[in-house]
Amino acid sequence: MLKHTHAHIPMSSLSHPQTPVLVCSDAFRVFLQRHCPVVAEPFSPTPWCWGGRLQTLVRVLIKSSPQVDYRNELIRTADGGQISLDWVDNGDSAAYPECYSRPTVLILPGLTGNSRQTYVLHAVSQATRRGYRCVVFNNRGFGGEELLTPVTFCAADTSDLERVVLHVRELFPQAPLLGTGVSLGGMLLLNYLARKGSDAGLVAGLTMSVSWDTLESCASLEQPINRLIFNRHLASNLCQAINRHRKMLETVVDVDHVLKARTIREFDERYTSVMFGYKSCLDYYQEASPNYKLPRTTVPILCLNAADDPFSPKHALPVALAKRLPNVALLVTSHGGHIGYLEGLYPRGEGYMDRLFGQFIQAVLIVLGLTD
């Protein structure tokens with residue numbers, strides 16, 4: 001295993017595959033090397049798709065969508081709202097035939113994502129083939145459900161996630177619950193784990209392509225090329241969601257003003273910080289950033305990032321913290337972009353990120369004595 005313990009995360013040359021940098025305690029390293037061998041695999045990006053921006057873009061266009069049949073459940077929240085959960089019960093599981101003890105994997109999609117995203121479908125495929133149950137937590141207003149209250153979501157507000165975890169734990173109190181979050185879903189998961197500490201109700205967490213410092217991420221996305229390719233598109237998707245729920249939301253925000261936002265920062269200034277009562281967008285970004293909260297987490301957490309992720313600049317990765325925390329492992333590939341990790345000449349199917357997900361959740365359950 002290539003062992004790096006300093007804060008510098010190098011970018012590899014494109015001529016040969018590079019082993020990811022693993023930053024963690026010695027005990028966590030031994031666990032991962034023994035039970036999650038993908039962490040020591042050299043990652044070789046698709047030859048014609050090596051740059052971070054290209055990996056990010058092409059994944060959306062080319063990645064396959066495994067067949068998944070969900071069972072939808074709507075649960076109510078304390079404020080009168082509703083959350084859409086998409087379940088795969090996996091009742092035919094040979095490994096865990098008893099419903100009450102079948103491990104459950106809770107999946108949190110990204111900023112404008114839901115249970116139909118390709119990376120979610122591949123995660124569900126990885127989990128169900130191992131016999132686990134899955135539940136996807138769709139952020140309010142993005143799971144196809146109607147808003148019943150003028151509230152959506154943000155990376156700093158963990159109240160809906162707390163409601164979901166409590167609900168799943170009440171349904172299956174004897175089943176281990178693992179959490180995985182992608183991009184903003186990972187930020188939300190980390191903020192939840194930091195807020196709840198030993199009362200989180202999860203046995204482990206896995207994050208992929210998290211933005212560790214929201215202000216630094218915004219600055220990266222406002223660079224000219226990133227602004228043109230990613231920022232405007234994401235802002236447009238957010239505005240479309242607000243417009244879809246206009247009648248409910250116009251009672252608390254100036255929807256027409258929000259819809260003129262052309263960047264994520266403008267959207268957060270006009271909508272998110274106003275909706276959730278922050279004095280400024282900067283205050284919201286500081287509260288949403290999970291980097292400095294890691295010491296408050298207690299469960300094992302594996303965090304995958306790429307050094308060329310345009311959404312999460314490598315200088316903002318919490319390397320120093322990961323070196324001294326016993327429960328956190330930071331795995332950094334030189335390439336992969338944002339939720340990309342495409343490999344092979346025609347990277348439609350299972351990729352590096354998907355294998356890591358499958359191996360890690362299985363590894364956690366091995367340690368718990370719940371699988372071979």
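Keep in mind that this is a model prediction, so the values were computed, not measured.
The cluster map of Ile, Leu, Val, Met, Phe, Trp and Tyr, joined by side-chain heavy atoms under 4.5 Å apart, puts Leu111 and Leu121 in different clusters. Tyr100 and Leu171 fall into different hydrophobic clusters, where Ile, Leu, Val, Met, Phe, Trp and Tyr residues are linked whenever their side-chain heavy atoms come under 4.5 Å apart, directly or through other members. A single hydrophobic cluster is seen to contain both Tyr70 and Val182, as judged by linkage of ILVMFWY side chains at heavy-atom distances under 4.5 Å, directly or through other members. No path of Ile, Leu, Val, Met, Phe, Trp and Tyr side chains, each step under 4.5 Å between heavy atoms, connects Leu294 with Leu215, placing them in separate hydrophobic clusters. Leu206 and Phe311 fall into different hydrophobic clusters, where Ile, Leu, Val, Met, Phe, Trp and Tyr residues are linked whenever their side-chain heavy atoms come under 4.5 Å apart, directly or through other members.
Remark: Arg169 CZ to Thr104 OG1 distance equals 9.0 Å, nearest 0.5 Å. Distance SG/Cys36 to CZ/Phe357: 11.5 Å, rounded to 0.5 Å. For the atom pair CG of Asp92 and OG1 of Thr128, the computed distance is 11.0 Å after rounding to the nearest 0.5 Å. Within the model, atoms SG of Cys281 and CD of Gln286 stand 10.5 Å from one another, a figure rounded to the nearest 0.5 Å. Taken from CG in Leu356 to CE in Met353, the straight-line distance is 9.0 Å, to the nearest 0.5 Å. We find the OH-CD distance between Tyr278 and Glu287 to be 4.5 Å, quoted to the nearest 0.5 Å.
Counting only distance, with no hydrogens or angles, the side chain of Ser209 and the backbone of Ile339 share a donor-acceptor pair below 3.5 Å. Side chain of Thr46 to backbone of Cys49: no donor-acceptor contact under 3.5 angstrom is found. Remark: side-chain polar atoms of Asn305 are not paired, donor with acceptor, to backbone N or O of Val332 under 3.5 angstrom. Between the side chain of Arg244 and the main chain of Gly141, a donor-acceptor pair closer than 3.5 Å is present. Asn243 places no side-chain N or O within 3.5 Å of a backbone atom of Cys239 that could act as its donor or acceptor partner. Looking only at distances, a side-chain donor or acceptor of Arg76 sits under 3.5 Å from a matching main-chain atom of Gly80. In this structure a side-chain-to-backbone donor-acceptor pair under 3.5 Å is missing from Tyr341 to Thr333. In terms of modelled atom types and a separation under 3.5 Å, the side chain of Ser25 and the main chain of Phe28 share a donor-acceptor contact. One N or O on the side chain of Asn191 and one on the backbone of Ala155 form a donor-acceptor pair closer than 3.5 Å. Counting only distance, with no hydrogens or angles, the side chain of Arg102 and the backbone of Phe172 share no donor-acceptor pair below 3.5 Å.
No side-chain donor from either of His335 and Gln18 sits under 3.5 Å from a side-chain acceptor of the other. Looking at Asn72 and Ser84, their side chains do bring a donor and an acceptor atom within 3.5 Å of each other. One side chain, Glu350 or Gln126, offers a donor N or O that lies under 3.5 Å from an acceptor on the other. Using a 3.5 Å distance cut-off with no hydrogens or angles, the side chains of Gln362 and Arg130 do pair a donor with an acceptor. The closest side-chain donor-acceptor pair between Thr118 and Arg59 falls under 3.5 angstrom. The closest side-chain donor-acceptor pair between Ser125 and Arg129 falls under 3.5 angstrom. Using modelled atom types, one finds a donor on one side chain and an acceptor on the other under 3.5 Å when comparing Ser289 with Thr214. Side chains of Ser334 and Asp308: a donor-acceptor N/O pair is absent below 3.5 angstrom, by distance only.
For Glu216, the salt bridge (charged side-chain N to carboxylate O under 4.0 Å, His left out) criterion is met by no residue, not counting sequence neighbours.
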Apply the test salt bridge (Lys or Arg N to Asp or Glu O under 4.0 Å) to residues Asp256 and Arg246: give CA-CA distance (whole Å), side-chain angles for both, the deciding distance (0.1 Å), then the verdict. CA-CA 9 Å; Asp256 288 331; Arg246 169 188 281 270; 3.0 Å; yes
Decide side-chain hydrogen bond (donor to acceptor under 3.5 Å, both in side chains) for Arg53 and Asn226; before the verdict, give the C-alpha distance in whole Å, the side-chain angles of both, and the deciding distance to 0.1 Å. CA-CA 8 Å; Arg53 295 188 183 102; Asn226 291 342; 2.6 Å; yes
Please assess His122 against Ser65 for the test side-chain hydrogen bond (donor to acceptor under 3.5 Å, both in side chains), listing each intermediate value before the final yes or no. CA-CA 7 Å; His122 276 274; Ser65 296; over 6 Å; no
Worked check of side-chain hydrogen bond (donor to acceptor under 3.5 Å, both in side chains) between Asp79 and Thr77: CA-CA 5 Å; Asp79 68 337; Thr77 58; 2.4 Å; yes
Start with the C-alpha gap between Phe142 and Phe153, add the side-chain angles, then the distance that decides, and say whether ring-ring contact (aromatic ring centres under 6.0 Å, His included) holds. CA-CA 10 Å; Phe142 284 84; Phe153 70 96; 5.3 Å; yes
Using the side-chain hydrogen bond (donor to acceptor under 3.5 Å, both in side chains) rule, take His338 and Ser312 through it: C-alpha gap first, then chi angles, then the decisive distance, then the call. CA-CA 8 Å; His338 189 72; Ser312 186; over 6 Å; no
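With contacts defined as side-chain heavy-atom distances shorter than 4.5 Å, the pair Tyr271/Leu238 does not qualify. Using a 4.5 Å heavy-atom threshold, the side chains of Leu345 and Pro47 count as touching. Within the 4.5 Å cutoff, side-chain heavy atoms of Pro313 are placed close to those of Ser217. Inter-residue side-chain proximity for Glu41 and Thr19 is flagged as unmet; no heavy-atom pair is nearer than 4.5 Å. Tyr119 is not listed as a side-chain neighbour of Ser183, based on a closest heavy-atom distance of 4.5 Å or more. Within the 4.5 Å cutoff, the side chain of Val164 has no heavy atoms near those of the Glu162 side chain. Side-chain contact check for Thr56 versus Ile229: every heavy-atom pair is 4.5 Å or farther apart. The side-chain heavy atoms of Leu365 and Pro176, taken from C-beta on, include a pair separated by under 4.5 Å.
Aromatic rings from Tyr132 and Tyr96 are positioned such that their centres are separated by under 6.0 Å. Taking the six-membered ring for Trp, Phe276 and Tyr284 have ring centres at least 6.0 Å apart.
A salt bridge between Asp354 and Lys63 is present, with a side-chain N of the basic residue lying under 4.0 Å from a carboxylate O of the acidic one. Under the 4.0 Å criterion applied to side-chain N and carboxylate O atoms, Arg355 and Glu343 are assigned as salt-bridge partners. In this structure, Arg195 does not pair ionically with Asp157, as no charged nitrogen and carboxylate oxygen lie closer than 4.0 Å. Classification of Asp86 and Arg71 as a salt-bridged pair fails, no side-chain N sitting under 4.0 Å from a carboxylate O. Under 4.0 Å is where a charged nitrogen must lie from a carboxylate oxygen, and between Glu145 and Arg140 no such pair does.
Across every non-hydrogen atom of Leu202 and Val299, the tightest pair is O-CG1, 3.2 Å. Counting all heavy atoms, side chain and backbone alike, Asp213 lies closest to Ala316 at CB-CB, 4.1 Å. In terms of heavy-atom proximity, Ala235 sits nearest to Ala261 at CB-O, 4.4 Å. Here the shortest heavy-atom pairing between Val168 and Val135 reads CG2-CG1, 4.3 Å.
Residue Leu330 forms a side-chain contact (heavy atoms from CB on, under 4.5 Å) with just one option from Ile301, Leu317, Leu325, Leu22, and that option is Leu317.
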